[in-house]
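See structure below.
A note on names: the letters A, B, ... follow the listed sequences, proteins ahead of strands, and every chain is numbered from 1.
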Amino acid sequence: MSTPSTAAPSAHETGTPRVKRGMAEQLKGGVIMDVVTPEEAKIAEDAGAVAVMALERVPADIRAHGGVARMSDPDMIDGIVNAVSIPVMAKSRIGHFAEAQVLQALGVDYIDESEVLTPADEAHHSDKFAFTTPFVCGATDLGEALRRISEGAAMIRSKGEAGTGNVVEAVRHLRRINGEIARLTVCDRNELHTAAKDLRAPYELVREVAEAGRLPVVLFSAGGVATPADAALMRQLGAEGVFVGSGIFKSGDPAKRAAAIVKATTFHDDPKVVADVSRGLGEAMVGIDCDTLPEGERYAERGW
Amino acid sequence: MTRGMEAGGDRPPIGVLALQGDVREHLAALAACGAEARTVRTAAELADVEGLVVPGGESTTIAGLAGSFGLLEPLRARIAAGMPAYGSCAGMVLLAEKVLAPDGHEVGQQTFGGIGMAVRRNAFGRQNESFEAEIEVAGVDGGPVTGVFIRAPWVESTGERTVVLAEYRGHPVAVTQGNLLATSFHPELTGDPRVHALFVGLVRRAVLREEPALPWGYGPPGGRHAEWRTVGSPR
């Protein structure tokens with residue numbers, strides 16, 4: 001930062017809602033990729049990622065290894081921050097506001113309060129208004145999205161089922177959120193009060209969504225995108241961008257697959273482009289049938 | 001301005017480069033100025049517009065996609081031939097002839113070029129340093145605009161034909177050259193259409209082939225910037 005030698009007398013305000021939500025607006029139409037090393041971060045940036053999610057293990061490995069999944073090592077996050085010029089996000093456990101404080105102190109650009117890590121609090125999410133760093137949170141339905149926004153989330157991602165390479169849950173959650181939004185737009189004022197109760201969300205937010213026909217923050221899709229066509233599907237279903245976790249670096253040719261998913265995300269409505277970029281990508285990650293996941297290993301059920 | 005355009009029956013189509021970024025907000029701001037706004041993702045769509053907004057977003061992503069889909073050369077050619085263009089934030093980076101890293105060293109980043117300036121990426125800091133401040137912009141009447149600066153760049157140095165329209169803490173944050181305009185900040189996030197109105201005016205004058213004199217009464221002749229293409233353009 002420069003020292004204000006010719007400082008204007010204007011107020012200089014950081015961490016405003018507009019600055020937090022506006023940051024997510026800049027990511028629209030883009031792909032945010034999970035990376036575990038500076039080298040992977042570089043590959044993601046060169047492939048056209050709009051941001052990277054720095055974490056120690058991708059969700060597929062968290063599933064495989066088990067145990068408690070926590071915030072990443074600060075040295076590892078620093079390494080990734082220093083490797084790329086694009087924004088860097090990092091995950092805190094649900095309700096673990098001390099981890100979130102550490103991530104803010106490390107200077108990450110966005111904090112993902114994520115169900116992929118082991119929840120730290122079974123009743124409370126973090127108060128996200130207390131932070132300068134903006135938060136993205138997962139949601140499986142509109143009520144959950146609005147509760148997160150009412151806690152200060154500046155961006156929402158539909159949860160999907162991370163680490164499965166199976167897009168079915170991502171589709172289910174995004175369709176549910178957008179279906180519920182569509183229903184709100186045809187409610188009259190009387191119905192909106194009941195809708196707010198049913199959604200367990202603040203009335204003012206519900207009314208805002210009903211009037212605008214969309215969330216007041218950017219909505220991405222996450223959890224199960226593994227191919228360019230998956231990304232195109234989520235975009236056509238209304239996602240403003242996609243998170244890709246294990247799908248890239250658990251595949252045969254990460255650099256090529258990453259670039260292909262970026263292109264398919266932009267040209268999601270042009271099947272010729274999606275077909276072109278889908279050629280010769282090598283092996284996709286091995287998928288998991290979500291119905292076979294045992295109780296307790298469905299990350300989407302974490303959070304409320 | 002809107003009234004003048006209606007009087008002339010002239011609503012030139014203005015594109016928003018829609019490869020990635022806050023496209024919807026720019027479309028809305030242009031529409032609020034009475035412009036006919038549309039998205040541009042292909043060379044054919046670019047050929048059909050009279051002016052172009054390069055939105056906020058990630059400049060590396062947008063430049064990469066422009067390269068992959070054959071837009072880089074058509075964009076450079078249209079801009080060099082005098083097509084009006086406005087870039088906010090990442091768009092400012094993409095209209096620069098030179099791009100500097102946050103620490104000030106030059107990086108060979110692909111840009112569309114057009115404005116004789118070196119732009120330092122994320123110069124105001126990372127997201128935690130992102131801020132709002134009131135900014136006086138020359139040529140924008142009615143008081144300061146709210147500048148929303150998000151991981152924002154500043155203009156490190158300018159060519160002799162580049163005019164600085166606004167500064168913040170001693171650094172240029174809005175510049176113009178010929179038919180080109182760039183801001184470090186995001187007017188499209190504020191609902192205040194005055195900066196976009198300035199740009200729509202530039203497009204309209206370019207279409208009507210009026211003197212490319214700018215609304216603030218000075219500035220370089222618009223049109224061709226061929227000489228800038230040879231100055232440090234990281235081809």
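- In plain terms, the two heavy atoms of A:S85 and B:T60 that are nearest each other are OG-CG2, 4.2 Å.
- Comparing B:G147, B:P55, B:S59, B:G56 by heavy-atom pairs within less than 4.5 Å of chain A, the highest count is held by B:G56.
- For the pair A:T266/B:F69, no side-chain contact is recorded, criterion being any heavy-atom separation below 4.5 Å from C-beta on.
- In this structure, A:R18 and B:L189 approach most closely via the heavy-atom pair CD-O, 3.3 Å.
- Looking only at side-chain heavy atoms (C-beta outward), A:E25 and B:H186 stay at 4.5 Å or farther from each other.
- The two residues B:Q20 and A:Q26 have their closest heavy-atom pair at NE2-O, 2.7 Å.
- Between A:V19 and B:E132, some side-chain heavy-atom pair lies under the 4.5 Å cut-off.
- Looking at A:A259, neither its backbone nor its side chain comes within 4.5 Å of chain B, counting heavy atoms on both sides.
- The closest side-chain heavy-atom distance from A:K263 to B:S68 is below 4.5 Å.
- Per-residue counts of heavy-atom pairs under 4.5 Å with chain B were compared for A:E45, A:R214, A:Q104, A:R21; the largest is that of A:R214.
- For A:E211, the CD atom sits in a packed shell: over 12 heavy atoms of surrounding residues, nucleotides or ligands are nearer than 6.0 Å.
- Distance CD/B:E129 to OG1/A:T14: 8.5 Å, rounded to 0.5 Å.
- Looking at B:R151, only its side chain comes within 4.5 Å of chain A, counting heavy atoms on both sides.
- In terms of heavy-atom pairs under 4.5 Å with chain B, the best-connected choice from A:T265, A:V88, A:V50 is A:V50.
- Classification of the A:H12-B:F131 ring pair by plane angle, with boundaries at 30° and 60°, yields parallel.
- Here A:D109 contributes atom CG and B:I150 contributes atom CD1; the two are 11.5 Å apart, rounded to the nearest 0.5 Å.
- For the residue pair B:R126 and A:G107, the shortest heavy atom distance occurs at NE-O, 3.2 Å.
- Rounding to the nearest 0.5 Å places OH of A:Y110 at 11.5 Å from CG of B:N128.
- There is no contact between A:F131 and chain B, counting heavy-atom distances below 4.5 Å.
- Your options are B:I62, B:L65, B:T146, B:N122, and the one with the most heavy-atom pairs under 4.5 Å with chain A is B:L65.
- Taking B:G57, B:A18, B:G64 one by one and counting their heavy-atom pairs under 4.5 Å with chain A, the maximum is reached by B:G57.
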